[in-house]
Novice: 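This is the structure I have questions about; it appears just below.
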Protein chains: 2
Amino acid sequence: MKNRLKVLRAERDWSQADLAARLDVSRQSVNAIETGKYDPSLPLAFRIARLFGLTIEEVFSEV
Amino acid sequence: MKNRLKVLRAERDWSQADLAARLDVSRQSVNAIETGKYDPSLPLAFRIARLFGLTIEEVFSEV
DNA sequence: GGCGCTAGTCAAGGTCGCTTGACACCACAA
DNA sequence: TTGTGGTGTCAAGCGACCTTGACTAGCGCC
């Protein structure tokens, strides 16, 4: 799973902590997802996509 | 998280075991997802959507 | 009656997702 | 120099995801 979180975040000038707060998860979770340590759960993936006004497929892609 | 697995499966006349084999997961996992015991992981959600030729949003929806 | 297929469920176990709390490193401002 | 924000990482813990193996129950068919 690859994702465009870092770019989407940069486009809005948000820190990892900013994004974490908007998603209601910990900063460490955002960091882990961005750095590829693990994939988000499906509900969190939905929240991420909706936050950026995109579909899940537009944010995440299979390797 | 709601999903249309049962309907999509019925449209194709697949058993839970059939679907499980196509997704490379156990029959119990398919059953658990259908009966709402838990949500699939994001990678599995991708596999499910692709198998049916749909987007993740077309298969799954937030409550 | 018995047989085969389907769906639902349970237990036990391993890995993943997410948490809190802490620490280190870097860049930059005061 | 001190400090502040941003990022990356670690540990420990808990619940979610997924597994194998087994069991129950309903259905149609022989």
Side-chain angles (χ1 to χ4, degrees):
Chain A
M1 290 266 76
K2 292 178 60 179
N3 69 72
R4 305 206 305 121
L5 266 194
K6 196 162 190 166
V7 171
L8 294 167
R9 196 165 56 75
E11 287 174 354
R12 288 156 183 80
D13 199 25
W14 290 346
S15 68
Q16 290 182 347
D18 289 336
L19 178 55
R22 290 171 196 268
L23 294 171
D24 196 30
V25 294
S26 69
R27 182 183 67 83
Q28 287 85 339
S29 289
V30 169
N31 184 287
I33 293 168
E34 275 194 13
T35 56
K37 296 192 106 180
Y38 52 71
D39 300 317
S41 66
L42 185 56
L44 179 51
F46 263 90
R47 276 186 274 150
I48 292 170
R50 287 191 313 167
L51 177 60
F52 292 114
L54 300 170
T55 65
I56 290 183
E57 279 85 355
E58 287 170 335
V59 180
F60 301 91
S61 61
E62 306 198 77
V63 188
Chain B
M1 288 268 77
K2 293 179 59 178
N3 70 72
R4 305 204 307 122
L5 266 194
K6 195 162 192 166
V7 172
L8 293 168
R9 197 165 56 75
E11 287 174 354
R12 288 155 184 79
D13 199 25
W14 291 346
S15 67
Q16 290 182 348
D18 289 335
L19 178 55
R22 290 171 196 269
L23 294 172
D24 197 30
V25 294
S26 69
R27 182 184 67 83
Q28 287 85 338
S29 289
V30 168
N31 183 289
I33 293 168
E34 274 195 13
T35 56
K37 297 192 106 179
Y38 52 71
D39 300 317
S41 66
L42 186 56
L44 179 51
F46 263 90
R47 276 186 276 153
I48 292 170
R50 287 191 312 168
L51 177 60
F52 291 113
L54 300 170
T55 65
I56 289 184
E57 279 84 356
E58 286 169 337
V59 181
F60 301 91
S61 61
E62 306 198 78
V63 188

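Sequence lines set the chain letters: A, B, ... in the order given, protein chains first and strands last, and positions in each chain run from 1.
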Novice: Indicate whether OP1 or OP2 belonging to dA7(C) is found under 4.0 Å from a side-chain N or O atom of Asn31(B).
Specialist: no
Novice: What does Ser41(A) touch in the nucleic acid at a heavy-atom separation under 4.0 angstrom: a base, only the sugar-phosphate, or nothing?
Specialist: sugar-phosphate
Novice: Rounded to the nearest Å, what distance is computed from the CG atom of residue Leu42(B) to the C1' atom of nucleotide dC18(C)?
Specialist: 15 Å
Novice: On DNA chain C, nearest-nucleotide positions of Asp18(B) versus Ala32(B): which is more 5'?
Specialist: Asp18(B)
Novice: Round to a whole Å and report the spacing from CG of Asp39(B) to C1' of dC16(C).
Specialist: 14 Å
Novice: Would you say the side-chain atoms of Asn31(A) pair up with the backbone N or O of Gln28(A), donor to acceptor, closer than 3.5 Å?
Specialist: no
Novice: Between atom CD in Gln28(A) and atom C1' in dC16(C), what is the gap in whole Å?
Specialist: 17 Å
Novice: How many Å lie between CD1 on Ile33(A) and P on dG8(D), as a whole number?
Specialist: 13 Å
Novice: Say you draw a straight line from OG1 of Thr55(A) to CZ of Arg50(A); how long is it, rounded to the nearest 0.5 Å?
Specialist: 13.5 Å
Novice: Mind calculating the distance between CZ (Phe60(A)) and P (dG17(C)) to the nearest angstrom?
Specialist: 11 Å
Novice: In whole angstroms, how far is the P atom of dC10(D) from the OH atom of Tyr38(A)?
Specialist: 13 Å
Novice: Let's see if you can work this out: which of dC18(D), dC23(C), dG17(C) has an atom nearest to the side-chain heavy atoms of Arg27(A)?
Specialist: dC23(C)
Novice: So do Leu54(B) and Leu8(B) actually touch side chain to side chain, heavy atoms under 4.5 Å?
Specialist: yes
Novice: Leu19(B) CG to dG8(C) P: how many Å, rounded?
Specialist: 13 Å
Novice: Side-chain N or O of Ser29(A) less than 4.0 angstrom from OP1 or OP2 on dG17(C)?
Specialist: no
Novice: Using residues 38-48 of chain A as the side-chain source, report each donor-acceptor pair under 3.5 Å to any protein atom, sequence neighbours left out, with the distance given to one decimal.
Specialist:
unit_1, atom_1, unit_2, atom_2, d
Ser41(A), OG, Leu44(A), N, 3.3
Arg47(A), NH1, Leu23(A), O, 2.4

Novice: Looking at residues 3-16 of chain A, who's got a heavy atom less than 4.0 Å off DNA chain D?
Specialist: Lys6(A), Arg9(A), Ser15(A), Gln16(A)
Novice: Return yes if the base of dG8(C) and the side-chain atoms of Glu34(B) contain a donor-acceptor N/O pair under 3.5 Å, otherwise no.
Specialist: no
Novice: Which listed nucleotide (dC18(D), dT9(D), dG17(C)) is nearest to the side chain of Thr35(A)?
Specialist: dT9(D)
Novice: For Asp24(A), which contact category applies under a 4.0 Å heavy-atom criterion: base, sugar-phosphate, or nothing?
Specialist: sugar-phosphate
Novice: Looking at the side chain of Leu44(B), which of dC18(D), dC10(D), dG8(D) is the nearest nucleotide?
Specialist: dC18(D)
Novice: Respond yes when some side-chain nitrogen or oxygen of Lys37(A) is under 4.0 Å from OP1 or OP2 of dC10(D), and no when none is.
Specialist: yes
Novice: Is the shortest heavy-atom distance from the side chain of Glu58(A) to the side chain of Phe52(A) under 4.5 Å?
Specialist: no
Novice: Can you tell me how far NZ of Lys6(A) sits from CD of Gln16(A), rounded to the nearest 0.5 angstrom?
Specialist: 7.0 Å
Novice: Between Arg22(B) and Trp14(B), is any pair of side-chain heavy atoms under 4.5 Å apart?
Specialist: yes
